[in-house]
Structure formats: structure tokens, C-alpha cells
Amino acid sequence: MTHYDHKSIEAKWQKHWAANKTFKATNNSGKPKFYALDMFPYPSGAGLHVGHPLGYIASDIVSRYKRHKGFNVLHPMGYDSFGLPAEQYAIQTGQHPAETTKTNIEGGTDKSGNKIAGYRNQMDRIGFSFDWDREVRTSSPDYYKYTQEIFIMLFDSWYDNDADKAQPISLLESRFRESGNSNINAATDEDLKQFTAAEWNAFTEKEQQEILLDYRLTFLADTEVNWCPALGTVLANDEIVNGVSERGGHPVVRKKMRQWMMRISAFAERLLTGLEGLDWAESIKEIQRNWIGKSVGAMVSFKLNEHKIDVFTTRPDTIYGVTFMTLAPEHELVDQITTAAQKDAVEAYKKATAARSERERMADVKTISGVFTGAYATHPLSGEPVPVWIGDYVLAGYGTGAVMAVPCGDERDHAFANYFAGQEGMPAIKNIFDGVDISEEAYGAKDKTPLCNSDFLNGMSYKQAMYTAIQKLEEIGAGKGKTNYRLRDAVFSRQRYWGEPFPVYYKDGLPQMIDRKHLPIELPEVDEYLPTEDGAPPLGRATTWSWCTKENKVVSNDDDRDCVYPLELNTMPGWAGSSWYMFRYMDANNENEMFSAEAQEYWNNVDLYIGGSEHATGHLLYSRFWVKLLHDLGKVTVEEPFQKMINQGMILGESAFVTRVNNMVSLRDSIKRPELSLTDAVKESTIRRLKLSNQYYISDFGNKEEREALRQIILNDLIKEYPNETEWENTENFLHFYVDVIPANVEFVNRDNELDISAFKNWRNDAKNAVFYSSKDGTFKVSREVEKMSKSKYNVVSPDDICDQYGADTLRLYEMFLGPLEQAKPWNTAGITGVYGFMKKLWKLYHNDAGFSVSEEKASPDSMKTLHKTIKKVQDDIENFSFNTSVSSFMIAVNELTAQKCNSREVLEPLAVLVSPYAPHIAEELWSLLGHKESISEAPFPVFDEKHLVESSKTYPISFNGKMKFTLDLPVDVSKDELEKMVLENEKVQQQLEGKQIRKTIIVPGKIVNFVVG
RNA sequence: GCUCGAGUGGUGGAAUUGGUAGACACGUUGGACUUAAAAUCCAAUGGGUAGUAAUGCCCGUACGGGUUCAAGUCCCGUCUCGAGUACCA
């Protein structure tokens, strides 16, 4: 074989690696460990596209590099295989989601007869060094039994604020038995009733369980949820984008439902501080910080008759600036405090806000609205009356749903006060900032401006007043320092089929956990994947979905024994399985526990995590939460799962569009009065619509000439079609057609944006007989737009075609060559020939016309220099995750070695190892041609030796006044003074200096020489 | 609006702590080989300008300032684009 045959080489080595389990990781090894993890994919029916492997290639390069460097590398892959698309597809086709999911992973033919390549096959073709023996699928009962187990662990835990960790619920029970709950500082909802030990012990079992439910880290609660009617399920906050569902873009409404919740808010502070030690992109950390939304301030109570209105404020220092209060319209006290006179107005306002959808409220933040309740609260410090308003700028869900309004210091309060200025219940704005004009806008700065009109706070600055005010409020029992978080508890129930069932049954309306030893509770069979007629989730259709506490198994719903109880009908959300999978890989085939302590201790946590940044507030926050729980319960030794993370940029698709003439054209009626101007003629004519029986597509609609020509063609067709029409000759100026833009599958478009018309016709049934009007040069062009790659946009490019045509090694190199990993970029194969050319040149270095040929002679110093500078560059690049520049340096190395006619083993052997992380197939082939019997995968990485780069001279840029004029070769091993002397003696330098005076000479040895002249 | 990030040839992108801007690749142009095409190889390629030429000069990293012997890189201001967030008290 003398030419580079990627097909046979790649097939050969992929087979070899699989047969020899070359990349199997062991859980005990004397080598240092390295754990490289990719965010696992959701196996969709569209298959893997060229965007998926981008991150996988990067992590694979690092993994292979680390193996060369002597590490024991864990580099696993699996599937996040529960999820909505499979279920939507199941609803449409009636196929079990488990089947379609399996086909999407393993390949096969779907119900409509489409060939599905399968994620696994597609990945295998790219030559990843995954340890496939550790594959996980979140939808497999072998896996989700442990997801269920973690749910039980959450149920069996509460958050102890004093110890600042999750604790077993049994500990809480024993403390209740001993001393009631007054000394317990737990993360719970506010306002739990207090009880003594005696009271606790006197409670019935059911009462006790109800109380415990308020403390558990997963609990049932009636909450306002985001209900998506189109998807038939609730959604978490992070699953909603701009007020519509992230998947599908369906509207979302607020609805009160009984749901499983996760008390992630208990971990808010640790989730925030934990970010500090992580080597993540600052932007992701920032997104998480914003999402957690910590604000430090105080709770302040305002008395109103027998009621008490609590507010949260971050500015207790401005307490004397309170001019009024505002409650959210949904606030529970509103009805109780509203005066008779204001009742109608308040009712009307409440009704109006309730009718506004979440989306409207979000879109419209400018409009100010509100109503006075007629009530006055009492200022806790000054004792003055404070009017109470309601307004929808106050959110029911944040803080207490009420604010103390300080117009002089808060922009929203300022706007509200001005809008209602002069009306009943709106006093003049109190200004507490000495010497600050607040007539135009509020003064929000937290600087040293002294306070005034503030009694004992007068003269104090922000910090001091904050502290003093809180102290005073605590003293008189009217408030206390408090930290608030925006992070809400997460809804954990989904009214869907294709997710983990809860290990929960209900006895007397109270949830009971099924004992861990009876897991998994497997998904039941249902006749349809839709909600039941009375609105219960799909699991409500299962006929065998009850729990027998005697036999400890799932039994028929018809079983009417006393020991049989109904099972939970909701399933878990998509993020459940992905919140802990990184640990399962460590011990993926353990049948007795989720993973052994030894395995976890050995692998610790993930050293390098690569994936998209779109999971910033979902997966990456929830998995950190679960890991903190597992840590508190002693299950894992780490508190953070992903030490180092890189977010690869999305590879975008270039969608293709063709312009189609609508099947209706409008025709201005014939005009026979040449004396009229065109405008008047149009005015006096009538419009008739004619239907075209043909469809017309036009290549270059923007071109006027082309449009005119197409108009003629259509007109001619119309004349034939409507022979009874008269006066056609006069109508040509008045024929109008309208166009729409139709997406074309990018598979039918070549690199020059030309459409394969016959393929398009074949693909779109309604275009079979259409007329395609090409451009003058005979081609039919599409227009392009860069968008996210998706099946529905027909712009998905599969890596398989690239593998066929150029090979996996070229694909790997090319994806890296496109640019920095983190950057988003459109997929465009324009440059791939350059990379393929490189592969051929690399191959040729090891071959002559006759075949493989490598000499045993010593390499030239030049070649050694090329090799060693490449070693250094590639090593530095991989350590810095700068993969695109490595590819360039390979190209430079091969170009140089070719020019040097180098074919010495001394250089070519280490070169093969250098290339191996990037282009493993060709590296293995060359390695074996070089006579090695073992795989190249563990060959030691070449060691960089500076001595090959040492030179006797360096080319210095010589500049004058900072401008580089020419270069000079100067010796390296001379002093600065000698260097200066040599430069000054130079003829060219003298020329430049002629007639000028040297004011300063800067010589940086090894860098530059600069003369300041004048 | 706020927060974060980014603006470099026709294109994707290089430029380690301030030290030869445009590496590498695509594209384009010209040439060699060929009956021809493909493939391959060679050369040129930021813009302007002077010269027959060798060669030289000027301008150039979004825009306007600044610091420095020296700025794509540091500082201040402006503009544009992208991402996140959206009344969070």
C-alpha cells in the first residue's frame, strides 16, 4: 500500500481496538488517574451530527495524550436516554419509547422504514478511545434503580443549618422525641408550628409523618407550578425560555398542583461558595451566581392592627425613607386589610393581574399599575403611619411578597410614587440622603453619602447604618438580619411516561418509600402514552401499578387486599439521571450498589468535563446539589463533581432555502386606455387572482432580470391555461406573484450553494412537476442562513459522510482546526481539503514510490529542531486545550520535514506518537509499519529536549522609534554591550541613523533592538 | 436596562509575560505536468504608492483618546455583535 487509504486503515484499527479492549480502564493501577468526561448525549432519532463529536474529539485527544503520558485514563460514554422527544414520538407512532431509544442508540430501521445509523455506530467510526464496558443508559432499570435509591436518600434526609449539612431523618426524629423542634434549625418553609417533646410523642403516626414531610429534602407540596398544557406536564424554571417551553415553544401557565419538590434552596450558600474553587468559565459561574441570586439584608415587620406585614429589604439603612408599602396582589393579607372604601378597586385590580399571563407581565415592565388598599401600617421605628398599596411590580414568589417602598433610594419605588403622586395614600417622597437631589431619579448608590431625617442613623454611611439599623430592629423585635436567595426549590414531578418512576406508594394519602432492596420499580406497560381522561398522568393508564406490602412487588390495580396501595403516577424529570452518572461510570457494572466506595475514592471526581454551556442552570446546578447531598451522607468523598470544565461552542448549521412562487398570482385586469399613467391605470383596474397549476422555483430572486424572465414564463403558461382570457398582451406589467421561502435539505446542496434539483424534487412530493428557473450560468442557487443544527431545519450534517469521503482522522483534525473549542462556528467543509492534504503528506513522509520506507540514519539537526519544537508546541497546546493551533503546528512540521527530505526513524517514530491523540488511526498504522507489535496508545510521549532548539544566532528585528525596519542575524551568546556595538557597526543601521541623533537605545536580548532617534 | 464575552485580510483563524501583525489553512490569480480534466507540484496574495527592476515609502488589528522606547495585547471613553438575565426589593 503506497497511497493513503483511510478506509482500510480506519476499519482495521477500529476493529483491533474493539477486539483487544485497548481502552479498558482498570480501577486499580499504580499509575496516576485521569478522568475525562463528556456530557452524554440524548439519543435522538436525527442521529449524531457534526456538532456532537466536537467536544468528544477534544476530550479524546486529552485522554489519549494522558495515556501517552503514563496516566490510567477513564474516558467513558453513555446515553441520557429518558426524555421528551422519545415520548412525543411514542405518542405519534404508538411505539414504545424503549424501542425507539434502543434503535437510536444501536441502529436499525424505524417504523417509517428510515435507516437509523445509531449513535454507537456513528461514534465508533470516529475512533474514540471510550471504555465501552462502562456504558450507562439512564433509562435502563439497572441504572435507574439507583436514581430511585438517591430519591429515597433525599426523602430520608433533612438539612441541618447548624451543622450546615444534610442529616438522616432518623436523627431529626430522635431530637423531636427528646426536645421537640424548638432547638432545630432546619431548612424548611417558614412558619412551622412549634411543638415540645411531649407533644411530639403524643402525635399520631400520621401527624408525625406529616410534620416530617415538611423537613425532608424531597417533599410533597402544593405549589404554583409552570404547567404546559401542550406537553401535558409541569416544567422547571430552567425549562422555560421567554415564557414558553424550552422544548417545542409551547405556552406555559401558572397552576397550583401537588408535586414532589427538591429542597435545593437549602444548599444555596454552598452552591454559591463552591463555585470559587472550580476551574470553569467565568461566564458559567456568573450565570449560576445570578440564578442563586444571594442578597443580604433584613426582614422587617410592620404592624397593621392585629396583622403583621413582613418585608425583606437589602437596604435596612434606608428604613426612615419608607414612604409607603407595596404588597403583591396575591399576598394573603390583602383581603384582610383592605378597607371597605377600597374593596372594589382592589378586587378589580386583583382580577386584572390574575388575567395577565406570565408572559405579558414579563414583556411589559414599563407600565406602572397599582391600587391603594386604604390601610395604614405602623413604621416600626418612627411609629408613623405608612400607607399600604398593592402592585404587580412586587412578585409574590420572592422574599415575602411585600416590600417597604423607599422612593428616594429605589428606582421602581420612585417611579411608582411619582405615578400616583397626589392621590389618596401617596404622601410626598421622604428624602434621607443629605444633599442629594432625588426629584428626577432615585439615588441607588451605596456610598459614603451621609443619611439625614433618620433619627439615630443620621450622619451614618451605608455600611454603618446597615449594621446599626439591623441591631436596633433586633433589639425591639421588629426585624432581623436575613439573607435571601432567588433560587427556588425545584419541582421534581413530571406528568409524563418516559422517565424514572418514583419508588413511592400512598397509604392514607401519605407517601411511603419502597424499601431499597425491592428496587428497581420498573415502568409499567400502558396502552397509550397520553394522560388519562380525568387528567391523571400516563402511568394512570397502567392496570398493574399498585404496591403489595406483603409480597413487596407491583401488583394489579384490581387486587383489593388490604396490603395493596396505589403507586405514584408521576415520573422524575430529565435531570434526575444525569445528576449522578459521573459516579456510575467509576463502577458501572456493580450489581450490588450504585458504585463502590473504593472505586469512587480511586477516581475521586472528574478531572476534565466537556460539554455545552446551555446546561449552566440545569444539569450543572442540579448535579452539584446531588453531589453535595451524597457527600453529606458519606456516599462520596468529594463535594464538587466537575473540577475543570470546558464548554465547547455550538457547531451551527447552514440552512438552505429556495424561493418558490406561490401558487396564486394576482392579475390586474386588462387596461386599454393608454392615455392613463401607470398609476392611474392600476387604480382603475380590478384585481383578479389566478391559480397556477404549476409550481415555480427561482434561483436568484433578488435579480430583477431573472424575475422578469420568470414572469414571462409564468405568463406564457397562464395564456395556455386560461385560453379564454383576452388581452393578455396588455397585462404583462400587471402580473404579480408572491414568493415564499422553502427550506431545502442541505444534503442536496453542494459547496457552491447549488441545488441538486432532481434530488429536491424527489424529496418534496409537491415539487415533482415544478418548474425550476435557473440563473443565467445554468445553476440553481439556494440562499443560506446560519442556525442551530436541527432535524426540523433540514440542516443536519452527519459525520458519517465526512468519514466516508475523508476519514475519521481528517474529521477529527478538521473539527479541531476550525477554531478555538469554546467558540461557536458554522459548519462549513470548505477547508477540509487542506486537512486531507496534510494527511496525505504525513503518509508520504513514511513512504516512497515503492512503499514503506524509513531510514535508520541519524536525522539532520534541522529535522531534530522541527521535531522538538513540535513536541513542545503540541504538549503546551493540549495542556491549554488549544487544539486548533496544534493542527497548524503539525502542518508546519510535515511541510518542513518534507522540504528537508527527512525519512529518519529518529524523527518519524516520535512524530507518529505526537500525532496519535489527534489522528489515532494513521498513527497506529504507521506505528505498526515501523515494526511495533503493541498499540501506539500507551507509547510514551516524546520528551522535549531544549538542546535541539539552541541556535548560535537569532534574527533580531531592528526598529527605529518603535518601527521595525529590517532584521539582522546576531549571535546569541554575547553581552548586551557587545550586541549594541555590533548593531551600531552595521551598514544598514548607519544608513538609518545618518543625520540623526540617538536619544536612547533599547536592547532586549533575544527579543528586539530599538533606537529612539530624532 | 443590567451582567459577562467578543470585534484582526476575501474566509476560518495565529500572534506565551507589551517586543518582526496576518502563522497555518481555505479561496483567488499565474505557472508546470496532461490530448483534456481530476490529482499533484511551484509561485504570488492586507491595502495604497513610487520604480523597468532590485527595492523603497505610507497606512493598517471596530472607532476616538491615553500610557510606553515599543500597544492587537495595558488604561479611559464610544460604537457594533453575541450570550445570560429580566420589576429579585
Side-chain angles (χ1 to χ4, degrees), chain A residues 3 241-243 281-291 293-295 297 311-315 318 325-326 328 361-368 391-395 397-406 409-413 415-416 484-488 613-614 616-617 647 649-650 751 813-814 817-820 822-826 828-835 837-838 840-841 844 872-873 876-877 880 882 884-895 955-967 999-1004 1006-1013:
Chain A
H3 74 287
V241 178
N242 293 329
E282 199 46 47
S283 60
I284 301 281
K285 291 200 212 178
E286 196 60 29
I287 291 170
Q288 291 212 347
R289 280 189 205 111
N290 290 340
W291 194 260
K294 178 180 183 175
S295 33
V311 301
F312 174 73
T313 176
T314 54
R315 298 294 301 273
T318 65
M325 297 180 76
T326 315
R361 265 174 88 159
M362 267 164 46
D364 171 30
V365 296
K366 293 262 154 59
T367 316
I368 296 168
D392 70 359
Y393 81 96
V394 176
L395 304 175
Y398 182 73
T400 60
V403 300
M404 58 178 223
V406 183
D410 183 283
E411 206 41 62
R412 293 154 305 181
D413 297 343
F416 196 85
N484 221 24
Y485 297 92
R486 199 178 80 111
L487 184 69
R488 302 265 68 96
S613 56
E614 66 271 21
T617 51
N647 306 108
M650 197 184 297
R751 231 187 281 163
L813 281 167
Y814 185 61
F817 190 59
L818 281 174
E822 293 93 334
Q823 201 170 298
K825 50 222 154 207
N828 186 329
T829 51
I832 203 164
T833 52
V835 173
F838 159 77
K840 287 193 277 194
K841 280 191 235 171
K844 266 165 96 173
K872 178 156 172 50
K873 178 82 175 124
D876 290 353
D877 282 347
N880 292 312
S882 169
N884 54 327
T885 49
S886 288
V887 181
S888 307
S889 60
F890 285 138
M891 290 173 172
I892 295 169
V894 167
N895 288 347
T955 308
Y956 278 86
I958 311 296
S959 38
F960 298 84
N961 290 334
K963 280 186 182 152
M964 205 280 289
K965 291 290 174 186
F966 50 84
T967 57
R999 295 189 194 278
K1000 199 171 175 186
T1001 307
I1002 293 106
I1003 295 180
V1004 185
K1007 284 264 160 84
I1008 196 169
V1009 176
N1010 187 20
F1011 291 101
V1012 186
V1013 295

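Here is how names work: the chains are called A, B, and so on, in the same order as the sequence lines, proteins then strands, and each is numbered from 1.
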Minimum-distance nucleotide to [X] side chain [options: [options]]:
{"X": "A:Thr833", "options": "B:rC26, B:rC87, B:rC57", "result": "B:rC26"}
{"X": "A:Val403", "options": "B:rA89, B:rC26, B:rA23", "result": "B:rA89"}
{"X": "A:Gln823", "options": "B:rA23, B:rU20, B:rG13", "result": "B:rG13"}
{"X": "A:Pro957", "options": "B:rU20, B:rC69, B:rU3", "result": "B:rU20"}
{"X": "A:Phe817", "options": "B:rC26, B:rC87, B:rG12", "result": "B:rG12"}
{"X": "A:Lys840", "options": "B:rG27, B:rA39, B:rC69", "result": "B:rA39"}
{"X": "A:Thr314", "options": "B:rG19, B:rU3, B:rA89", "result": "B:rA89"}
{"X": "A:Lys965", "options": "B:rC58, B:rG19, B:rC87", "result": "B:rC58"}
{"X": "A:Thr313", "options": "B:rU20, B:rA89, B:rA14", "result": "B:rA89"}
{"X": "A:Ser283", "options": "B:rC4, B:rU20, B:rA14", "result": "B:rC4"}

Quiz prompt | Position toward the 5' end of RNA chain B (nearest nucleotide), A:Ile892 or A:Lys873 | solution =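 On the 5' side of the pair lies A:Lys873.
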Quiz item: With nearest nucleotides of RNA chain B determined for A:Pro820 and A:Tyr485 from heavy-atom distances, which residue corresponds to the more 5′ nucleotide?
Solution: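 The residue whose closest nucleotide sits nearer the 5' end is A:Pro820.
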Practice problem: Measure the spacing between CZ of A:Arg486 and OG of A:Ser295 and express it to the nearest 0.5 Å. | Solution: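 Spacing of CZ (A:Arg486) from OG (A:Ser295) equals 10.0 Å.
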For [N], which nucleotide is its Watson-Crick or G-U wobble mate, given both distances must be under 3.5 Å?
{"N": "B:rG56", "answer": "B:rU49"}
{"N": "B:rG1", "answer": "B:rU85"}
{"N": "B:rC74", "answer": "B:rG66"}
{"N": "B:rA32", "answer": "B:rU40"}
{"N": "B:rU16", "answer": "none"}
{"N": "B:rC26", "answer": "B:rG10"}

If the [atom1] atom of [N] is compared with that of [M], how far apart are they to the nearest Å?
{"N": "B:rG72", "M": "B:rG60", "atom1": "P", "result": "10 Å"}
{"N": "B:rG64", "M": "B:rG9", "atom1": "P", "result": "15 Å"}
{"N": "B:rU16", "M": "B:rU11", "atom1": "P", "result": "23 Å"}
{"N": "B:rC75", "M": "B:rA6", "atom1": "P", "result": "12 Å"}
{"N": "B:rC42", "M": "B:rG48", "atom1": "C1'", "result": "28 Å"}
{"N": "B:rG46", "M": "B:rC24", "atom1": "P", "result": "12 Å"}
{"N": "B:rG22", "M": "B:rA14", "atom1": "C1'", "result": "8 Å"}
{"N": "B:rG27", "M": "B:rC33", "atom1": "P", "result": "23 Å"}

Using a cut-off of strictly less than 4.0 Å, decide whether [X] has a side-chain nitrogen or oxygen near OP1 or OP2 of [N].
{"X": "A:Asn961", "N": "B:rA70", "result": "no"}
{"X": "A:Ser295", "N": "B:rA89", "result": "yes"}
{"X": "A:Asn290", "N": "B:rC4", "result": "no"}
{"X": "A:Lys963", "N": "B:rC59", "result": "yes"}
{"X": "A:Tyr393", "N": "B:rA89", "result": "no"}

Practice problem: Using a 4.0 Å heavy-atom cut-off across all strands, classify A:Asn895 as base, sugar-phosphate, or nothing. | Solution: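 It contacts sugar-phosphate atoms only.
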Exercise. Under 4.0 Å between any heavy atoms, over every strand shown, what does A:Thr955 touch: base, sugar-phosphate, or nothing? Just pick one.
Key: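 Touches a base.
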Self-check item: Within-4.5 Å side-chain heavy-atom neighbours: A:Thr318 and A:Met404
Solution: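 Heavy-atom side-chain distance check passes, below 4.5 Å.
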Quiz item: Quick one: are A:Ile1003 and A:Tyr956 in side-chain contact, heavy atoms under 4.5 Å?
Solution: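 No. Closest side-chain heavy atoms not under 4.5 Å.
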Self-check item: Option among A:Asn884, A:Thr885, A:Val835, A:Ile832 that satisfies the side-chain contact (heavy atoms from CB on, under 4.5 Å) test with A:Phe817
Solution: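 For A:Phe817, the side-chain contact (heavy atoms from CB on, under 4.5 Å) check succeeds only for A:Val835.
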Self-check item: Donor-acceptor pair, side chain of A:Asp413 and main chain of A:Val406, under 3.5 angstrom
Solution: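 Such a contact is found between A:Asp413 side chain and A:Val406 backbone.
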Quiz item: Is there a donor-acceptor pair under 3.5 Å between the side chain of A:Thr617 and the backbone N or O of A:Gln288?
Solution: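 No: the side chain of A:Thr617 does not pair with the backbone of A:Gln288.
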Exercise. Check whether the side chain of A:Lys1007 and the base of B:rU17 form a donor-acceptor pair under 3.5 Å.
Key: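 Indeed there is one.
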Quiz item: Considering residues at least two apart in sequence or located in another chain, which fulfil the side-chain hydrogen bond (donor to acceptor under 3.5 Å, both in side chains) criterion with A:Lys872?
Solution: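 Partners of A:Lys872 under the side-chain hydrogen bond (donor to acceptor under 3.5 Å, both in side chains) test: A:Asp876.
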